[in-house]
Amino acid sequence: MVERDENVLIAEQRERVRYLTLNRPDVLNALNSKVFTALETELARIEADPGTRVVVVTGSGGRAFSAGADLDELTGLDPVDTRKLLGRGQRVFRALERLGKPVIAAVNGYALGGGFELALACSLIVGSEGAKFGLPEAGLGLIPGYGGTQRLPRLIGKQAALRLMLSGQRADATSAYELGILSQPPVSDDELLDTVGQLAGEISGRSPRAAALILEAVSSSDGLDAGLAHETTLAALAAASGDAAEGIRAFREKRTPSFGAG
Ligand code: COA
């Protein structure tokens with residue numbers, strides 16, 4: 001696919017807060033390797049900069065935080081390259097999670113697939129009334145491959161997570177709050193960035209060392225790295241299947257996929 005936008009990640013510093021805006025609005029901020037590279041570069045810069053105490057991640061265009069993995073990029077990769085791409089995205093999300101500085105996802109519109117998984121790797125998720133969360137992969141013959149099978153059950157419990165993953169149902173902002181996906185009740189779309197800015201300001205005025213230690217204490221759990229590695233292998237396997245070929249083709253052709261027997 002021809003890259004329609006060069007600057008796939010806009011970074012802005014406002015006082016002690018770094019704003020990272022996913023900027024591929026034509027494809028609802030779908031995540032491709034260019035986005036991962038830009039995120040990686042930004043994370044290295046933020047880590048080294050004591051002047052940045054909080055990070056905000058959001059999406060441009062008003063319709064989506066991100067609609068997930070770029071299906072054009074995923075199509076046509078062989079299984080080994082798919083595993084490489086997924087592993088790379090996972091490492092970037094893990095680096096975000098382990099940045100040692102609070103990261104707030106400001107979600108308006110769709111946070112689907114990898115977009116939801118990116119939000120899950122953030123320390124806090126704040127959503128507006130138009131936010132919609134979901135893991136639609138199984139409808140495409142894929143499985144979540146950017147940490148969703150690991151982080152979502154840890155966050156909302158196995159039953160609710162399996163319901164979202166197996167059925168593809170989307171959680172609107174209110175149910176996302178009730179499920180514990182959102183860290184506070186949804187605000188109006190217009191208020192989202194102000195609300196997040198205010199929260200980021202409050203956090204940035206407190207001890208950055210304490211924040212780093214709180215983040216480490218809360219996330220020092222249980223086998224996440226092993227789970228993520230296993231997920232990468234299984235997601236690459238799914239992406240190499242005939243169901244994935246059919247699912248992605250059907251998405252492109254705007255029709256319902258016809259999957260074979262299991
Ligand atoms: N990868 C690549 N392109 C994507 C994309 C993705 N994950 N999600 C959306 N796009 C593109 C569409 O192909 C379309 O491009 P086009 O204008 O060249 O046709 C554009 O973004 C707008 O999306 P469209 O589907 O026309 O908008 P919509 O309002 O009808 O539907 C969604 C919005 C989010 C429901 C729908 O785009 C969707 O289901 N996207 C895929 C989500 C997904 O399965 N993510 C997980 C991938 S593993």
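Both counts, for ligands and for their atoms, begin at 1 and track the order of listing. Each residue takes its place number in the sequence, starting with 1. All values reported here derive from a predicted model rather than from experimental measurement.
For the pair Leu71 and ligand 1, the shortest N or O to N or O distance falls below 3.5 Å. Ligand 1 has no N or O atom lying under 3.5 Å from any N or O atom of Gly113, backbone or side chain. Considering backbone and side-chain N/O of Ala67, one or more are found under 3.5 Å from N/O of ligand 1.
Short contacts between ligand 1 and Arg170, defined as distances under 4.0 Å to a heavy atom of the residue, involve ligand atoms 35 (C). Against a heavy-atom cut-off of under 4.0 Å, Pro136 is close to the following atoms of ligand 1: 43 (C), 44 (O), 45 (N), 46 (C). Heavy-atom contacts of Leu140 reach the following atoms of ligand 1: 44 (O) (cutoff under 4.0 Å). Less than 4.0 angstrom separates some heavy atom of Arg63 from each of these atoms of ligand 1: 27 (O), 28 (P), 29 (O).
Not a single donor-acceptor pair under 3.5 Å links the side chain of Thr58 to the backbone N or O of Thr21. When atom types are taken as modelled, the side chain of Glu97 and the backbone of Arg94 share no donor-acceptor pair closer than 3.5 angstrom. A donor-acceptor pair is defined here as one N or O able to donate and one able to accept, closer than 3.5 Å; no such pair exists between the side chain of Glu12 and the backbone of Tyr19. Glu73 places a side-chain N or O within 3.5 Å of a backbone atom of Ser33 that can act as its donor or acceptor partner. Gln90 places a side-chain N or O within 3.5 Å of a backbone atom of Gly145 that can act as its donor or acceptor partner. Of the possible donor and acceptor atoms, none in the side chain of Lys254 sits under 3.5 Å from a partner among the backbone N and O of Arg252.
With a heavy-atom cut-off of 4.0 Å, Asp70 touches ligand 1 through backbone and side chain alike. Residue-level proximity to ligand 1 for Ala30 is carried by the side chain, the only part with a heavy atom below 4.0 angstrom. Using a 4.0 Å cut-off between heavy atoms, Glu73 makes no contact with ligand 1 at all.
For the residue pair Asn29 / Ser66, no side-chain donor-acceptor distance below 3.5 Å is found, with atom types taken as modelled.
Checked against Thr52 for a side chain to side chain donor-acceptor pair (under 3.5 Å), the options Glu42, Gln13, Arg45, Glu47 give a single hit: Gln13.
Comparing Glu137, Arg252, Arg24 by heavy-atom distance to atom 3 (N) of ligand 1, the nearest is Arg252. Here the shortest heavy-atom distance to atom 7 (N) of ligand 1, taken over Ala69, Ala64, Gly148, Gly61, belongs to Ala69. For the residues Val27, Asp72, Leu31, the heavy atom positioned nearest atom 4 (C) of ligand 1 is part of Val27. Across Leu28, Asp26, Ile143, heavy-atom proximity to atom 14 (C) of ligand 1 is greatest for Asp26.
Ring geometry for Phe93 versus Tyr146: interplanar angle of 30 to 60°, hence tilted.
Not a single heavy atom of Glu117 sits closer than 4.0 Å to an atom of ligand 1.
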Residue pair Arg24, Leu31: steps toward the side-chain contact (heavy atoms from CB on, under 4.5 Å) verdict = CA-CA 9 Å; Arg24 303 185 72 217; Leu31 303 167; over 6 Å; no
